[in-house]
Every structure is written in C-alpha cells, then in structure tokens.
Number of protein chains: 2
Amino acid sequence: MSDFAARAIAERLFFGYRAFTGDADRVLASRGLGRAHHRALYFIERAGSIPVHELLATLGITKQALTRVLRELMDAQLVERRQDPADGRRGILTLTETGRALELSLLHAQRARIELALAQAGPNGREAIHTFLEALMEPEDRARIGLAL
Amino acid sequence: MSDFAARAIAERLFFGYRAFTGDADRVLASRGLGRAHHRALYFIERAGSIPVHELLATLGITKQALTRVLRELMDAQLVERRQDPADGRRGILTLTETGRALELSLLHAQRARIELALAQAGPNGREAIHTFLEALMEPEDRARIGLAL
DNA sequence: TAGAAACGTCAACATGGCTGACGCAGTTAT
DNA sequence: ATAACTGCGTCAGCCATGTTGACGTTTCTA
C-alpha cells in the first residue's frame, strides 16, 4: 500500500475521532467530568452490569486509574457497586438512573454526527465501515464486543 | 438512528482508534517520545514545511503545549525551525533527514493495520470509508486537508 | 488453616494538556 | 520615526489521566 493511501486514512481517523469525542467532551465538561468517566459509563451501560476486573480489561488501564474514576462516579451518584453474590471479593458495577440518563445524553451528543456520516457514506457503505473498523481493532477487543476473533 | 446503531459505531471507533495509535505508540516509546510528538512530525512532513501558527491551528493546542513538543523535537534533531523570509516574526518548521525517517517508520508501523482493514472492507468499501471519516470531521479540519468544507 | 485472589488505597511520578503573565523582535499604521 | 500590534518563546502553576510499587483487608480455595 502506498504511503499516500495510508496517510489519507491516518489523518481522517485523527480528525474524525477528535470531532467524534469532542461532541461528548463538551457535555462532560459542563458536568465536571472527563473522557475517562465517559468510557466507564459507556461500558457499564453496555453490559447492564459488569465486574470490576472486566471493566479493567476492557479499558486497558490500571486498577489505580480506574478506582479514581469510579470513586468520582460513585460520589456523583452515577455508578453503584455491589458484591458479586457468587464471589464476595468481586465487585459488580451498575449505573444509577441518573447515570443511565447521562450516558444516554452523551451518546445522543455523538449520534447526530454518526448518523450524518453514515448517511453520507450511503446505504451500502455501512457494512464496509463496520468491517473496516472491526479489522483495525485488536482481536482481543473484537471478542470483547461479541465478534469473532 | 437507533441508539444501538450509534453504539456499534462508537465502540468500533474507540477500539479501532486505540489499536491504530497503539502501533505508533510502541515505536515512539522506544525513542522516548509520545503521541504529541508524532502528531507534530506527521503534519510537518505532510506539509513539507509549515508555519508555526498553522501547525498550532491544525493540532488545536496552545502554543505553550506545542512549544514544549517542538523544543524536544529540535533537541532530538528531528525538526528545524527557520525564519519566514517574508515576515521575520514567523517561524517555519521542517523535518531533518532523521525526522523524515522517523515519521516514515511511524507511518509504516500503522500501515499494515490500515492495509489489512481496507482489504477486509473490499474494493468498493474504500470510498465509503473515506466519505464516512470525512463526514465525521469538523468542516474546518476538512478544509485543512484540502477537502471542500 | 495457610495461601492466593480481588480489590481499595496511599504515594510518587510522567505526559500532555491548560491559563496567565511577560518579553522581545519584527511589522504595520499614523 | 515612533507607537502599537503581532508572532512567538518562556516562566510558572495547575489539571486530568495515566503509570509503578507497596500495603492492607476481605474472601475464597486447596
């Protein structure tokens, strides 16, 4: 593949991702939260409820970094932790009603941009876009969202 | 658009972008540099030579943040600054031979992943992917890489 | 019942952002 | 010519998000 073609993708990913996250960042800033909080909210909501160790693996950060984020989210009454009944050492995280509402509003802040971009790409483009992004991902992460390795 | 469809894109962007940047991050770490240095190298190389104020606008960071990055790149002999002959206040940045070599090796670290992902998406997918990513971008940034607003 | 596992927590540090304030060289307007 | 503005570097201090390493507690498991 030519360097030129690689650059075309690289810069579009850079600017595209920046704009995409920017939509949520504005909402987050008004609540005194950051992108790290959004990611936690997103994956807790996605799973319904999730063990701490799994969220840790998904986010790919250390437990110290996650603990700080979770403490702030729990202080803000957006996330709750309870014990795993099957193994009392494990914590299970869920969103509160307020947390779910915030997560949705963050998603909706990004939805318009996504919708527009998919529409521009045309009805047949959607599958190609999914395939492309899935192929960029690490196999480990593909498995995490329920795709074949 | 359904929340479900929006989430499908959101998480693929998150994991895909993370894997994509991870390729370069590994090379950068071995040189004691970070992602911020890569972005500067990329856009200087892309332009051939670029005024400081334009790089500033492209990266969307403050001059203080950029100055630190540029100082490190110049100390490492990867970037050179000279005066704009037309306006002595302005600085113009170019890469050294070494800088160009590093930038290329960073691009190549990402190229295989991009190539594979484009191949997976099929020959007709490429246009859709470009269109999609361009539509995600801020109009301002589209203009910056030579696209119509 | 000893050891391992799953946390939470404290401390220190790196990176890459930010704001504000100041200085200086060079350019432009009066 | 001189005053004002511009572009840019720099100092200082702060914030968000990540890192390592060490330690303690609770809970399971061999």
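Heavy atoms only: backbone and side chains are in, while hydrogens, waters and symmetry mates are out. Throughout, protein chains are lettered first and strands after them, A, B, ... in sequence-line order, and every chain is numbered starting at 1.
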Sugar-phosphate only, base, or nothing, as touched by A:Val52 at under 4.0 Å among non-hydrogen atoms:
sugar-phosphate

Figure out the CG/P separation between A:Asp87 and D:dT25, and round it to whole Å.
20 Å

Whole-Å distance, A:Asp25 CG to C:dC18 P, equals 12 Å

Length of the CZ-C1' vector between B:Arg90 and C:dT27, whole Å
10 Å

OP1 or OP2 of D:dG18 less than 4.0 angstrom from a side-chain nitrogen or oxygen of A:Thr62, does that happen here?
no

Decide yes or no, distance alone: a donor-acceptor N/O pair under 3.5 angstrom between the base of C:dG16 and the side-chain of B:Gln64.
no

Counting side-chain heavy atoms from C-beta on, which of C:dG16, D:dG18, D:dC8 comes nearest to B:Ala36?
C:dG16

Of B:Arg68 and B:Met74, whose closest DNA chain D nucleotide lies nearer the 5' terminus?
B:Met74

Is A:Gln83 near enough to D:dT26 that one of its side-chain N or O atoms lies under 4.0 angstrom from OP1 or OP2?
no

A:Gly91 or B:Asp84: which one's nearest nucleotide on DNA chain C is closer to the 5' end?
A:Gly91

Need one value for B:Arg35: base, sugar-phosphate or nothing, where a base atom within 4.0 Å counts as base even if backbone is also close, heavy atoms only.
sugar-phosphate

Check the phosphate of D:dC8 against B:Arg89, side-chain N and O only, distance under 4.0 Å to OP1 or OP2. Yes or no?
no

Are the side chains of A:Tyr42 and B:Glu11 in contact, using a 4.5 Å heavy-atom criterion?
yes

Checking all strands, does A:Gly32 fall into the base, sugar-phosphate, or nothing category for heavy-atom contacts under 4.0 angstrom?
nothing

About how many Å separate CG of A:Leu13 and CD of B:Gln110, when rounded to the nearest 0.5 Å?
9.0 Å

Establish, for the pair B:Arg126 and A:Phe132, whether the NZ or CZ atom is under 6.0 angstrom from the six-membered ring centre and no further than 45 degrees off its axis.
no

Calculate the interatomic distance between A:Leu59 atom CG and D:dT19 atom P; express it in whole Å.
10 Å

Parallel, tilted or perpendicular for A:Tyr17 and A:Phe20, by the 30°/60° rule?
tilted

Just how far, in rounded Å, is C1' of C:dT9 from CG of A:Leu70?
14 Å

Taking only side-chain nitrogens and oxygens of B:Arg71, does any of them come within less than 4.0 Å of OP1 or OP2 of D:dC11?
no

What are the two closest heavy atoms between A:Leu107 and B:Ala6, and how far apart are they?
CD1-CB, 4.2 Å

Rounded distance (Å) that lies between atom P of D:dA16 and atom CZ of A:Arg31
17 Å

Considering all heavy atoms, the nearest A:Ile114-B:Ala10 contact
CD1-N, 4.4 Å

For A:Ala65, report the nucleic acid contact type (base, sugar-phosphate, nothing); a contact means any heavy atom under 4.0 Å.
base

Rounded to whole Å, CD of A:Glu54 lies from P of C:dA6 at a distance of 13 Å

Sorted by position of nearest nucleotide on DNA chain D, 5' first, the leading residue of A:Gly88 and A:His37 is A:His37

Nearest-Å distance for atom pair NZ/P, residues A:Lys63 and D:dC23
13 Å

